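Bear in mind that the values here come from a model prediction, so they are computed numbers and not experimental data. So that the names make sense, note that chain A is the first sequence line, chain B the second, and so on, each numbered from 1.
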Amino acid sequence: MAEITKRSEDYSRWYLDVIREAELADNSPVRGCMVIRPNGYAIWENIQRDLDDRFKALGHVNAYFPLLIPKSFLAKEAEHVEGFAKECAIVTHHRLKQVTHPDGRVDVVPDPESKLEEEYVIRPTSETVIWDMYRKWIQSYRDLPLLINQWANVMRWELRTRMFLRTTEFLWQEGHTAHATAAEGRQETLQMLETYRRFAEEALAMPVVAGTKTANERFAGAVETYSIEAMMQDNKALQAATSHDLGQNFAKAFDVKFQSAEGQVDHVWATSWGMSTRIVGALIMTHSDDDGLVLPPRIARAKAVVVPIWKNDEEKAAVCEAARRLAAELRPAIGPVHVDDRDNLRPGWKYSEWERKGVPLRLEIGPRDVAGQTAVLKSRHDRAKTTVPFAGIVAGVEAELARIQDDLLARARRRLVANTCRVDTWDDFVDLFENRGGGFAMCHWCGDGHCEQMVQDKTKVTIRNIPFERDETPGACVHCGKPSRGRVLFAQGY
RNA sequence: CGGGGCGUGGCGCAGUCCGGUAGCGCAACGGCUUUGGGAGCCGUGGGUCGCAGGUUCAAAUCCUGUCGCCCCGACCA
């Protein structure tokens, strides 16, 4: 089997090695697309389940809108079309025709006679179809708020792709809500960002910085965009989720009006918010190490793996029996537990395999353990090894999984804090990103988009967001020196 | 679109400069011994060398063309 490149050698290769070795995904025959393998999809399923519960608890319901969007819809909101036009896939025909080349080769081509009257765009996002439907569904304030989410695939024809982080097709959830007032819309936008923030910390053990995007980085068609930004192990920032206050832009573009209790007619107020399979990439880069994938127990498919150890058939029967009984006892309390009783592999091989694949906890049971009624516990993330008696093992394993979950968050948070600093001069700023490995730089900024763009052109560093919790002591812009009302988060981004 | 790299059994690669019987490791299969941190030995099966032309007695190797993939840039909700 191929080795995993060390993070210190080549971070980007390490990332791809981990994905390959943990069997999370594979390249597809279609350039830019990826196949999500069972191990990778299991992570996404756990993310879906957890997030979906949170959405439902807040009153949202799921629906499904079509993949194909009439081309004309995209044009209805001016900024929106500008943002997405460059990366849309277009469906132009509805039939193939078999042709035989002169050399006898059989091929299929689009049948010219099946050319569509109106071409369709494969959704890069669903605002337009959804708002076209909302026009029909919303009449009065009694229809509001309308709180719909959908789990779907979308397609954006990116030039340069990377597994999970940026693929031509990806999976996500997109929430689309309609409200009677601007304040309600804004409240919803912030509530969903907070939902993402808590999910990231509680389930993914991923600390994030929540804040407002600058005008340059705003979603096409939004009044305000918010994001949570996580720090990867190479000190780059990754936008883990966004939520958008769309104001009345889409309601106006699609003519969605409602009658208030007082009888007035007004356009509704909209929001949208999303988290995508990109988060799986963030998860990999937050916790994993040179030996492979590391996953927080909350999101791992198998919470633990039991490896029985034996020398002969007699011992094999005894340890496998004990292993299965143990797994059966654990499952109701902690969820999926895998028993690896393959007889063609030695224990050492199994250990390294499950370590590569990121199973949080390993239990070893050998003849000595059976004799002493104990099991050896080994945690993936810090290699901590303990011996626990069978009696009370459920509580012991539960406690260890809780410790792992907490430890991963604490570890990631220490890294975030350690690599976040204040930078007040341009020389320092350049030095930080060119010579000292970068990080999150909290700097003063004048608020001018041109100034922001110049920083990006010079250094590839962007303003990730304007943190909600920020130092608002006035100062001077780190780039141009003009007055600033507070610090913003600068970093290199994914 | 620019720069770099790569297409050779299932996977990873050598062989290409300098043309001459397609090899190695892992995996697979069979057998025996093994099993508390990546097992050992013996045996077996499996490859139109990305594709198309050309040069040659002879092409994985040289020439021309072409397709594809990966990485780095440019671009980017």
Less than 3.5 Å between a donor and an acceptor, one on the side chain of A:E364 and one on the base of B:G37, is that the case here?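 No, no donor-acceptor pair under 3.5 Å.
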Please confirm whether any donor atom in the side chain of A:K378 sits under 3.5 Å from an acceptor in the base of B:G37, or the reverse.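 Pair found.
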Whole-Å distance between [N] [atom2] and [X] [atom1]?
X: A:R368; N: B:U35; atom1: CZ; atom2: P; value: 12 Å
X: A:D10; N: B:G4; atom1: CG; atom2: P; value: 19 Å
X: A:L345; N: B:G38; atom1: CG; atom2: P; value: 13 Å
X: A:Y11; N: B:C71; atom1: OH; atom2: C1'; value: 17 Å
X: A:R380; N: B:G37; atom1: CZ; atom2: P; value: 18 Å
X: A:W349; N: B:U34; atom1: CH2; atom2: C1'; value: 17 Å
X: A:D313; N: B:U33; atom1: CG; atom2: P; value: 11 Å
X: A:L16; N: B:C69; atom1: CG; atom2: C1'; value: 13 Å

Separation of the [atom1] atoms in [N] and [M], to the nearest angstrom:
N: B:A52; M: B:G19; atom1: P; value: 24 Å
N: B:A58; M: B:C6; atom1: C1'; value: 28 Å
N: B:G10; M: B:A28; atom1: C1'; value: 8 Å
N: B:C57; M: B:C13; atom1: C1'; value: 32 Å

Look at all strands and tell whether [X] reaches a base, only sugar-phosphate, or nothing, counting heavy atoms closer than 4.0 Å.
X: A:E355; answer: base
X: A:V307; answer: nothing
X: A:P367; answer: base
X: A:N27; answer: sugar-phosphate

What I want to find out is whether [X] reaches [Y] closely enough, with some N-O distance under 4.0 Å, to be called a salt bridge.
X: A:D291; Y: A:R383; value: yes
X: A:K316; Y: A:D313; value: no
X: A:R20; Y: A:D26; value: no
X: A:K378; Y: A:E364; value: no

Protein-proximity profile, nucleotides 72-77 of chain B, B/S/- by nucleotide at the 4.0 Å heavy-atom cutoff, equals BBBBBB
Less than 4.5 Å apart, any side-chain heavy atom of [X] and any of [Y]?
X: A:Y134; Y: A:F254; value: no
X: A:H179; Y: A:V268; value: no
X: A:K252; Y: A:K76; value: no
X: A:L74; Y: A:H80; value: yes

Given 3.5 Å as the limit, does a donor-acceptor pair link the side chain of A:R362 with the main chain of A:L377, or not? no
Would you confirm whether A:E400, through its side chain, and A:S379, through its main-chain N or O, come within 3.5 Å as a donor-acceptor pair? no
Specify whether A:W172 and A:F170 have parallel, tilted or perpendicular ring planes, treating 30° as the upper limit for parallel and 60° as the lower limit for perpendicular.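 Because their plane-to-plane angle is over 60°, the rings of A:W172 and A:F170 count as perpendicular.
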If you assign each of A:R383 and A:R13 to its closest nucleotide in RNA chain B, which residue comes earlier from the 5' end?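 Mapping each residue to its closest nucleotide by heavy atoms, the 5'-most match is A:R383.
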When you match A:G32 and A:Y351 each to their closest nucleotide on RNA chain B, which lands nearer the 5' end?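 Looking at the nearest nucleotide for each, A:Y351 comes out on the 5' side.
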Proximity to the side chain of A:W310 - top-ranked nucleotide from B:C70, B:U35, B:G36: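 Given the options B:C70, B:U35, B:G36, the side chain of A:W310 is closest to B:U35.
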Where the side chain of A:R346 is concerned, which of B:G37, B:A28, B:U35 is the nearest nucleotide? B:U35
Determine which bases of RNA chain B form Watson-Crick or G-U wobble pairs with both distances under 3.5 Å, and write the result as a 5' to 3' dot-bracket string with | for other-strand partners. ((((((((.[[[[.)....(..]]]].((((((.....)))))).....[[[[[..)....]]]]])))))))....
